Amino acid sequence: MTEQQTMRTPEASGWVAAGVVFAGTVMIMIGVFQALQGLVAIMDDEFFVTVENYTFGVDLTAWGWVHLILGVLVALAGGYLFTGSAVAGGVAVVLAGLSAIANFLFIPHYPFWSLLIIAIDVVVIWAIVRSGVFQR
């Protein structure tokens with residue numbers, strides 16, 4: 001075998017590309033939804049349930065800012081996933097994880113929606129890691 005044959009990187013399969021496209025698209029959607037959730041909490045914090053004696057009792061307006069900023073960052077990371085960069089994949093995994101944690105802490109205020117976003121975040125992390133974007 002020649003040196004050129006051993007240094008060649010394998011071509012990305014269709015499944016890899018589909019996983020990254022899926023993750024990027026879903027991250028953009030999650031980011032927009034999360035940013036809208038944040039705007040609702042900022043503009044009308046009485047929309048959400050206020051829980052007494054909650055361990056992480058942060059004002060809902062503060063939660064709104066957290067969700068708004070995180071939502072914008074998640075949507076941007078989803079867009080950058082289309083570049084296929086390993087750095088974009090790493091940032092996307094971290095931001096999807098932070099989104100899941102933020103929604104876990106928000107469960108008492110909006111349970112069904114928070115659990116749905118957590119589940120989608122986990123699927124996005126799986127799709128990015130499984131796609132092999134880090135092996136390029």
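Since this is a predicted model, take the numbers as computed values, not measurements.
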Checklist entry - Stepwise, does the side-chain contact (heavy atoms from CB on, under 4.5 Å) test hold for I107 with I118? => result CA-CA 10 Å; I107 286 175; I118 291 168; 4.1 Å; yes
Closest non-hydrogen atom pair, [X] against [Y]:
X	Y	value
F82	G24	CZ-C, 4.0 Å
A77	M27	CB-CE, 4.0 Å
D121	S99	OD2-OG, 2.7 Å
L81	G89	CD2-CA, 3.7 Å
A127	A23	CB-CB, 4.2 Å
A92	I128	CB-CD1, 3.6 Å

Hey, could you give me the [atom1]/[atom2] distance between [X] and [Y], rounded to the nearest 0.5 Å?
X	Y	atom1	atom2	result
I120	L115	CD1	CG	11.5 Å
F104	I117	CZ	CD1	16.0 Å
Q34	L39	CD	CG	11.5 Å
I28	L76	CD1	CG	9.0 Å

Next on the checklist: Let's go through N103 and H67 carefully: what are the C-alpha distance in whole Å and the side-chain angles of both, what is the deciding distance for side-chain contact (heavy atoms from CB on, under 4.5 Å) to 0.1 Å, and is it a yes or a no?
Outcome noted: CA-CA 9 Å; N103 279 287; H67 283 286; 3.7 Å; yes
Item to check | side-chain contact (heavy atoms from CB on, under 4.5 Å) between V87 and Y80, worked out | outcome: CA-CA 9 Å; V87 173; Y80 280 111; over 6 Å; no
[X] and [Y]: same hydrophobic cluster, using ILVMFWY side-chain contacts below 4.5 Å?
X	Y	result
V72	V32	no
W126	L116	no
F112	F106	no

Checklist outcome for this item: Only one of I30, V74, T25 passes side chain to side chain contact (heavy atoms under 4.5 Å, CB included) with V124, and that residue is I30
Next on the checklist: Taking the ring centre of each residue, are F33 and W113 less than 6.0 Å apart?
Outcome noted: yes
